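As the structure is a prediction and not an experimental result, all values here were calculated from the model.
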Amino acid sequence: MKIVLHKGSHEIGGTCIQLTTGKTSILLDAGLPLGAESQAPDVAQLTVDAALISHSHQDHYGLMTLLPPQTPIYIGKLGKSLIDATQIFLGKEIQEREYRHFQAWKSFRIGDFTITPYLMDHSAADAYAFLIEAEGKRLLYSGDLRAHGRKGKRFDNLIERPIPDIDLLFLEGTMLHRSNDQFPDETAVENTIFQTIREQKNIAFLLSSSQNIDRIVSAHRACKRTGKLLVIDIYTAWVLEQLRQITQNTPAMDWPEIRVFASHSQDERLKANPEYFGDFRKRLYRHRVKREELHATPGSFLYFGKMSSFRLIEEFKNAATPVSVLYSQWLGYLDGRHSDYFGSDEISRFRSDPAVNFVYAHTSGHAPVADLQRFAAALKPRKLVPMHTEHGEDFSQLFANVVTLNDGEVFDLA
Ligand SMILES: [Zn+2]
Ligand SMILES: [Zn+2]
């Protein structure tokens, strides 16, 4: 089996790996590089029999629509719905092409390859690792993973009953030089949200990704514990609708502690795509909270927002009773080098604003080093290849059997 790591050997994101046997070639992820200076591989020129997408983060699927139109794309059904949701709310078209859905732990074949998807814990729902077997070799692609989210049991299961006989493990290393100690898990995040909103006189905002379902659950639980109402926007409400494909246990807009704030721009998306949304818009309006209501009793609400919510936050700024801003995503976005991230400069300024109670509360979507080491020790791969990392060269100090590949290098797994 020939392996080409097109992208992702020395950076976080943009992952794209090609595996080729005597007669079949597949792609593992077709990610958009996150770094502005990173050149994306020209996937339109790749001749592959199929592409597998691990999860609904841009740095793993962002290039998939550029693949030749006849290339089928294998992806989890929920993951595809979450990508569609992002597209629609960005005002983009959903590309018509052949998508095939696999199921967790059910093997399927693409030519020479037998693939088994393993549902993993990550900050995106419906995230998979793939076991890939061909020509007598067994390869495990970790995707993005962690052990400390609300579905950490999936990681523990793989450690307790490891997949045997792995020839090569592609292991993500996002956290190689990052610590997760301040908030080691989602419960720690939930407790900080709880403590912050319990005392609040003014409204609190929680800034995170609407696709981080664990975080929405934490926000909802904190609201329940304090008798507050959780306010979500239309996009978040739609993301939560998608989760109903797999569970009725995640919060949704019709839960008693949840309200929907309908902004004009998001409502326009609903009106522009009536077939896609069905009766969602009608149902949504039963759970609506208006701007005046937020202003009338601000202390009763936690608003699940994002970086772009800074204008709404401004409306509630008050030196006597500061507005709480719970910053609940990677702190690196506020380092002054992400000005292209809309709202990041404004949110960053809130850190030193006396009218804002700025609180950091975030646990990573990725496993810290100690968990990666437990994972590798359990799986005992004959070769371990770093990916999705800025520090591949440091892997050999932490793991056994490390083989470092460069972008574009052809590696023969014989
Ligand atoms: Zn990623
Ligand atoms: Zn991810």
Side-chain angles (χ1 to χ4, degrees), residues 1-21 24-87 90 92-102 108 110-111 113 115 117 120 122 124-132 134 139-145 170-172 174 211 365 385-389 405-411:
M1 191 195 307
K2 287 211 169 25
I3 299 172
V4 183
L5 212 166
H6 289 294
K7 199 82 192 169
S9 67
H10 289 85
E11 66 194 80
I12 293 167
T15 314
C16 184
I17 299 172
Q18 188 171 1
L19 307 178
T20 307
T21 62
T24 314
S25 193
I26 60 170
L27 216 54
L28 302 176
D29 280 335
L32 186 71
L34 296 174
E37 58 296 329
S38 178
Q39 182 79 32
D42 187 3
V43 298
Q45 301 303 318
L46 291 178
T47 313
V48 291
D49 297 283
L52 304 177
I53 301 296
S54 63
H55 65 285
S56 59
H57 281 156
Q58 276 260 15
D59 61 314
H60 297 262
Y61 78 81
L63 301 179
M64 72 178 185
T65 56
L66 302 177
L67 287 163
Q70 71 278 11
T71 310
I73 295 173
Y74 288 75
I75 183 170
K77 188 162 182 280
L78 173 61
K80 175 61 168 56
S81 303
L82 294 171
I83 292 170
D84 288 350
T86 308
Q87 292 293 105
L90 287 172
K92 295 181 184 163
E93 293 280 313
I94 297 174
Q95 191 191 47
E96 290 292 333
R97 63 182 298 150
E98 189 180 355
Y99 291 99
R100 297 180 188 170
H101 300 309
F102 49 73
F108 60 94
I110 303 172
F113 292 96
I115 295 130
M120 297 306 297
H122 180 43
D126 212 29
Y128 294 88
F130 296 116
L131 171 66
I132 294 149
L139 185 151
L140 187 69
Y141 174 72
S142 73
D144 286 355
L145 48 66
F170 274 111
L171 185 62
E172 72 119 312
T174 313
Q211 301 225 358
V385 179
M387 61 162 192
H388 204 281
T389 184
L405 300 184
N406 291 313
D407 286 358
E409 187 183 329
V410 180
F411 180 79

Considering only heavy atoms from C-beta outward, does the side chain of [X] approach that of [Y] to under 4.5 Å?
{"X": "Ile75", "Y": "His101", "value": "yes"}
{"X": "Asp59", "Y": "Leu32", "value": "no"}
{"X": "Ile83", "Y": "Met64", "value": "yes"}
{"X": "Thr86", "Y": "Tyr61", "value": "yes"}

Practice problem: Quick one: list whatever passes side chain to side chain contact (heavy atoms under 4.5 Å, CB included) with Ala40, sequence neighbours left out. | Solution: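 Residues passing side chain to side chain contact (heavy atoms under 4.5 Å, CB included) with Ala40: Pro33, Leu63.
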
By ring pair (Phe, Tyr, Trp, His ring centres under 6.0 Å) - contacts of [X] (at least two apart):
{"X": "Phe170", "answer": "none"}
{"X": "Phe102", "answer": "Phe108, Tyr128, Phe130"}
{"X": "His55", "answer": "His57, His60, His122"}

Rounded distance (nearest 0.5 Å) linking atom [atom1] of [X] with atom [atom2] of [Y]:
{"X": "Lys92", "Y": "Gln95", "atom1": "NZ", "atom2": "CD", "answer": "12.0 Å"}
{"X": "Leu140", "Y": "Ile132", "atom1": "CG", "atom2": "CD1", "answer": "8.0 Å"}
{"X": "Leu67", "Y": "Thr47", "atom1": "CG", "atom2": "OG1", "answer": "10.5 Å"}
{"X": "Ile73", "Y": "Leu27", "atom1": "CD1", "atom2": "CG", "answer": "9.5 Å"}

Self-check item: Residue pairs fulfilling side-chain hydrogen bond (donor to acceptor under 3.5 Å, both in side chains) with at least one residue in residues 64-76, sequence neighbours excluded
Solution: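 Non-adjacent pairs meeting side-chain hydrogen bond (donor to acceptor under 3.5 Å, both in side chains): Tyr74-Arg100.
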
Quiz item: Can you list the steps and then say if Thr15 with Glu172 is a side chain to side chain contact (heavy atoms under 4.5 Å, CB included)?
Solution: CA-CA 10 Å; Thr15 314; Glu172 72 119 312; over 6 Å; no

Exercise. Output, in order, the C-alpha distance, side-chain angles, deciding distance and verdict of side chain to side chain contact (heavy atoms under 4.5 Å, CB included) for Val385 and Ile3.
Key: CA-CA 11 Å; Val385 179; Ile3 299 172; over 6 Å; no

Over all atoms of both residues, closest heavy-atom pair of [X] and [Y]:
{"X": "Ala134", "Y": "Phe113", "value": "CB-CD2, 3.6 Å"}
{"X": "Ala50", "Y": "Ile110", "value": "CB-CD1, 3.8 Å"}
{"X": "Ser142", "Y": "Met387", "value": "OG-CE, 3.4 Å"}
{"X": "Ile17", "Y": "Tyr141", "value": "CD1-CE1, 3.7 Å"}
{"X": "Cys16", "Y": "Val43", "value": "SG-CG1, 4.2 Å"}

Partner set under side chain to side chain donor-acceptor pair (under 3.5 Å) for [X], not counting sequence neighbours:
{"X": "Ser56", "result": "Gln211"}
{"X": "Asp49", "result": "none"}
{"X": "Thr21", "result": "Asp112"}
{"X": "Thr24", "result": "none"}

Quiz item: By salt bridge (charged side-chain N to carboxylate O under 4.0 Å, His left out), which residues pair with Lys2, not counting sequence neighbours?
Solution: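 Applying salt bridge (charged side-chain N to carboxylate O under 4.0 Å, His left out) to Lys2 gives Asp412.
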
Exercise. Name all pairs fulfilling the salt bridge (Lys or Arg N to Asp or Glu O under 4.0 Å) condition that reach into residues 24-39, sequence neighbours left out, sorted by first residue then second.
Key: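 Output for this query is empty, none listed.
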
Let me check something: any side-chain donor-acceptor pairs from residues 4-12 under 3.5 Å, sequence neighbours excluded? List them with distances.
| unit_1 | atom_1 | unit_2 | atom_2 | d |
| --- | --- | --- | --- | --- |
| His6 | NE2 | Gln18 | OE1 | 2.8 |
| Lys7 | NZ | Ser38 | OG | 3.2 |
| Lys7 | NZ | Gln39 | O | 2.8 |
| Ser9 | OG | Asp407 | N | 3.1 |
| Ser9 | OG | Asp407 | OD1 | 2.6 |
| Glu11 | OE1 | Ser38 | OG | 3.2 |
| Glu11 | OE2 | Ser38 | OG | 2.7 |

